[in-house]
Amino acid sequence: AILEFLPPAAPAPAPAPARGCASSELWFESAAFFADRATPVGGPASTTLPALARPLSRDAMEAVLRGKGYAVVEGFLGEKAGRAASEAALAETGRLRSGRVGRGLASTLDEGTRTDKAAFLGQDAADVPKAIREAELRLRLVRAQFVRGDDDFSDDFPSDDDDDEKRLDSDRVSTQLACYDAPGARYAKHRDVREDDAYGPREPRRALTAVYYCGRDEVRGGALRLYAGGGAVDIEPVFDRLVVFRSSLEHEVLPCFFKRFALTQWWFRRSSVVEEKKKKKEESAAAAAHEEMMMMRHAGPPCGVAAPPLKKNKAKEEEETIFVSIAAYRDPDVLETLESLFAEAERPERVVAGVVLQYDAVGGRDDALVRRLTNRRRRRHHRGGTVKWTLVDFRDAAGPCPARAAAQENLYDGETYFLQIDAHTRCRAHWDSFLIATLVSLGGEGKKKDSVLTTYPMDFSDQGDARPTILAPSFFDDDGVLRFTGRVLLEAPEDPPTTTTTRKSPLPSPAWCAGFNFSRGDVVTRVPYDPHFRFLFFGEEVAMAARLYTHGYDFYAPPRAVFYHRWSRTGRPDFHRDARKLWKDRPAHLRARGLRRLFKLLRLEEGANEADVGPDLHAFGLGTARTLADYERRLGVSFRHRTVSPDASNAGLPPDAFAANSPHQKTATDVLNLLAATNLS
């Protein structure tokens with residue numbers, strides 16, 4: 001396990017010479033997203049896709065957890081951020097004081113042990129230079145990777161039922177900036193934690209040590225000598241190099257003859273007292289959320305019964321697979337969504353779920369959620385299916401479009417079918433076979449193959465209702481964006497049919513829904529998600545609908561309910577609120593650019609350049625199979641005049657095809673009006 005440290009090193013032979021990444025299996029390249037990233041973790045990323053919070057490779061984690069107890073990573077911050085950190089460290093030299101030995105009030109000056117100068121960084125960002133704070137935050141991302149574990153290291157990270165004191169503390173870190181500038185400055189052999197120290201129940205113990213080297217390219221001495229695996233290795237303090245090792249390993253800093261800067265961060269075990277309080281708080285919050293979820297799950301129409309299973313597919317599907325794209329913003333309900341997805345599938349082994357989870361990688365508030373998502377022991381709930389994930393710090397989140405684009409680009413792997421749902425969805429039994437059979441019925445011999453099944457699902461509280469819904473244009477909002485609505489159709493098509501008017505075939509639909517769409521998998525390459533709609537919520541659907549339609553796709557509403565959606569935001573972190581707290585006016589600026597990009601796509605913004613609408617619009621533009629005017633006629637709207645024809649809300653059906661609204665039949669318009677009323681749009 002991660003905190004079962006190596007025994008004290010045996011008497012070491014002569015140390016190996018300092019080595020570079022080419023000659024040692026314990027040297028690794030940093031993850032690509034760190035290199036020259038233009039913006040820090042604490043601000044909006046400038047990349048088109050969210051930054052992946054996975055700075056260490058699996059091999060590097062393997063070396064720390066199961067190997068000799070250390071790993072070296074080259075190019076950790078990248079040239080630009082590394083140089084900025086070096087300059088900031090040099091400017092901070094005057095604030096550093098002679099390093100002390102010991103803990104707390106018992107620490108003393110001991111020049112026989114250490115002759116560096118150092119200072120611990122406070123929590124107040126105003127007291128720390130920006131470039132140093134950014135480097136410190138990126139070290140926290142590495143800590144987050146060890147806290148949550150990883151798919152290949154589930155056995156090294158205790159599950160929720162294991163001893164809490166064997167986990168890393170998700171909140172506590174300690175960071176120090178140190179400088180060795182006197183000729184021959186050194187730090188004698190020591191451990192950052194001693195096994196025989198008496199630690200009280202309130203005092204966490206250091207578990208892992210991370211050292212980042214900033215400073216000059218010139219290196220003259222000052223190597224870190226680690227005693228590991230019965231031997232010793234010298235690691236030179238090369239610019240932009242990161243070393244991660246177990247705090248129990250003996251180590252020393254050899255005499256240094258240049259100005260050597262290092263940013264060191266320690267990650268701790270959880271203390272029993274602090275963890276007990278945290279666990280009770282988490283359990284209380286989880287119990288409340290579960291109670292609310294169960295109430296919504298079992299609430300339903302007066303009949304009080306669940307909708308019957310969907311019709312099984314009799315076609316041969318041995319080689320067919322379904323990729324399910326799920327973007328989740330700090331949403332614990334994603335776990336229930338995955339369980340429903342696999343539990344209700346007729347053949348779960350063909351289902352591949354790809355989750356883009358945006359979570360608090362620095363503060364640790366979502367560690368329990370991430371551990372459960374990535375824990376190998378949970379695979380028994382998948383019934384042979386597969387779950388893949390991309391983890392993104394929520395400070396890098398930029399709305400649903402970049403997250404869904406990340407799922408397509410990073411997780412989709414050529415599966416036969418593509419399904420996109422939200423992270424708070426429940427499924428009817430045999431959903432997989434039903435969707436495949438329904439889509440195949442639209443693309444048989446001599447029939448159209450470019451089809452998408454899509455609609456707004458009904459609410460969790462309607463899980464006893466099998467009636468289908470269909471999308472229709474509703475109104476243009478104050479920004480000039482067309483909103484869609486979902487309307488409930490008469491007659492629930494049960495299996496077997498109970499009335500002569502039961503619908504058995506999918507219905508042509510004029511619109512497309514982001515929270516439920518199912519199509520052939522090649523839609524990912526033919527009409528990929530546009531990642532440049534940043535901080536844009538309303539506008540996502542009309543943009544994709546126009547692009548798909550002009551590329552030749554037609555939309556259809558399934559002939560019966562397939563999924564149910566949790567429309568209430570109660571109990572879930574809110575992306576819009578978090579974004580305003582983090583960046584104030586920045587999201588509004590990027591959202592405004594996203595709106596200009598949308599209007600340029602819809603031929604409403606003339607003369608806009610890349611600075612106005614973002615890059616690569618040609619790669620995420622309209623198709624040539626049909627025109628935008630064709631789609632306006634299909635919808636019954638005018639984008640330029642912002643008008644909706646009187647009968648457009650019927651989606652081409654007679655007025656008596658729809659059910660009257662009831663408390664159990666919430667439409668998307670109801671939800672959009674609620675969001676607008678609460679200033680979340």
Side-chain angles (χ1 to χ4, degrees), residues 6 8-28 63-64 67-74 76 82 85-86 89-90 93 96-102 107-119 139 175-194 206 208-266:
L6 296 175
R19 294 176 286 185
C21 59
S23 60
S24 173
E25 70 279 11
L26 297 180
W27 262 255
F28 306 93
V64 176
K68 293 184 178 181
Y70 72 95
V72 182
V73 179
E74 303 290 356
F76 178 63
S86 298
L90 183 63
T93 305
L96 306 182
R97 298 292 180 265
S98 296
R100 303 175 70 87
V101 177
S107 64
T108 61
L109 293 174
D110 184 353
E111 293 187 357
T113 301
R114 63 183 296 188
T115 52
D116 63 319
K117 294 180 179 180
L139 287 174
T175 309
Q176 180 188 82
L177 177 64
C179 175
Y180 292 76
D181 59 351
R186 61 186 290 271
Y187 199 145
K189 184 191 293 187
H190 65 287
R191 290 188 179 94
D192 288 345
V193 61
R194 290 180 54 186
R206 289 173 177 173
L208 295 176
T209 301
V211 182
Y212 172 70
Y213 295 114
C214 51
R216 303 174 181 173
D217 296 320
E218 174 191 26
V219 174
R220 288 187 290 118
L224 172 67
R225 177 171 292 176
L226 283 174
Y227 297 87
V233 60
D234 289 349
I235 302 170
E236 290 188 345
V238 174
F239 167 73
D240 207 25
R241 174 177 281 177
L242 173 70
V243 186
V244 181
F245 60 93
R246 298 186 181 190
S247 300
S248 61
L249 292 182
E250 285 189 309
H251 58 283
E252 62 179 304
V253 177
L254 301 182
C256 184
F257 299 94
F258 74 109
K259 186 164 283 191
R260 172 193 186 275
F261 286 97
L263 189 66
T264 302
Q265 192 170 94
W266 290 278

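Closest of all the heavy-atom pairs between Gly112 and Arg186 is O-NH1, 3.6 Å. The two residues Val244 and Val64 have their closest heavy-atom pair at O-CG2, 3.8 Å. Minimum interatomic distance between Asp234 and Ala223 (heavy atoms only, all atoms of both residues): CB-CB, 4.2 Å. Between Gly215 and Ser86, the closest heavy-atom pair is N-OG, 2.8 Å. The two residues Gly222 and Val253 make their nearest non-hydrogen contact at O-CG1, 3.9 Å. Closest approach of Phe258 and Gly221 over heavy atoms only: CE2-O, 3.4 Å.
Summarising the geometry, atom OG1 belonging to Thr209 is positioned 12.5 Å from atom CZ belonging to Arg191; distances are rounded to the nearest 0.5 Å. To the nearest 0.5 Å, the span separating CG on Leu226 from NZ on Lys68 amounts to 11.0 Å. Here SG of Cys179 is found 4.0 Å from CZ of Phe261. Values are rounded to the nearest 0.5 Å. Taking CD of Glu252 as the reference point, atom OG1 of Thr113 lies at 11.5 Å (rounded to 0.5 Å). Between the OH atom of Tyr70 and the CG atom of Leu249 there is a distance of 9.5 Å, given to the nearest 0.5 Å. From Asp240, atom CG reaches atom CD of Glu74 across 8.5 Å, with rounding to the nearest 0.5 Å.
Phe245 is linked by a ring-ring contact (aromatic ring centres under 6.0 Å, His included) to His251, counting only residues two or more places apart in sequence or in another chain. Take Arg114 and apply the salt bridge (Lys or Arg N to Asp or Glu O under 4.0 Å) test, not counting sequence neighbours, and it matches Asp116. For Ala185, the side-chain contact (heavy atoms from CB on, under 4.5 Å) partners at least two apart in sequence or on another chain are Thr115, Tyr180, Ala182.
Between Leu90 and Lys259, the closest side-chain pair of non-hydrogen atoms falls below 4.5 Å. Side-chain contact between Tyr213 and Arg260 is present, with at least one heavy-atom pair separated by less than 4.5 Å. Residues Leu208 and Arg246 form a side-chain contact, since some pair of their non-hydrogen atoms from C-beta on lies under 4.5 Å apart.
No side-chain N or O of Arg241 forms a donor-acceptor pair with one of Tyr212 less than 3.5 Å apart. A side-chain N or O of Gln265 and one of Thr175 form a donor-acceptor pair less than 3.5 Å apart.
In this structure, the side chain of Arg220 engages the main chain of Phe257 through a donor-acceptor pair within 3.5 Å. Proximity of a side-chain donor or acceptor of Arg206 to a complementary backbone N or O of Trp266 within less than 3.5 Å is not detected.
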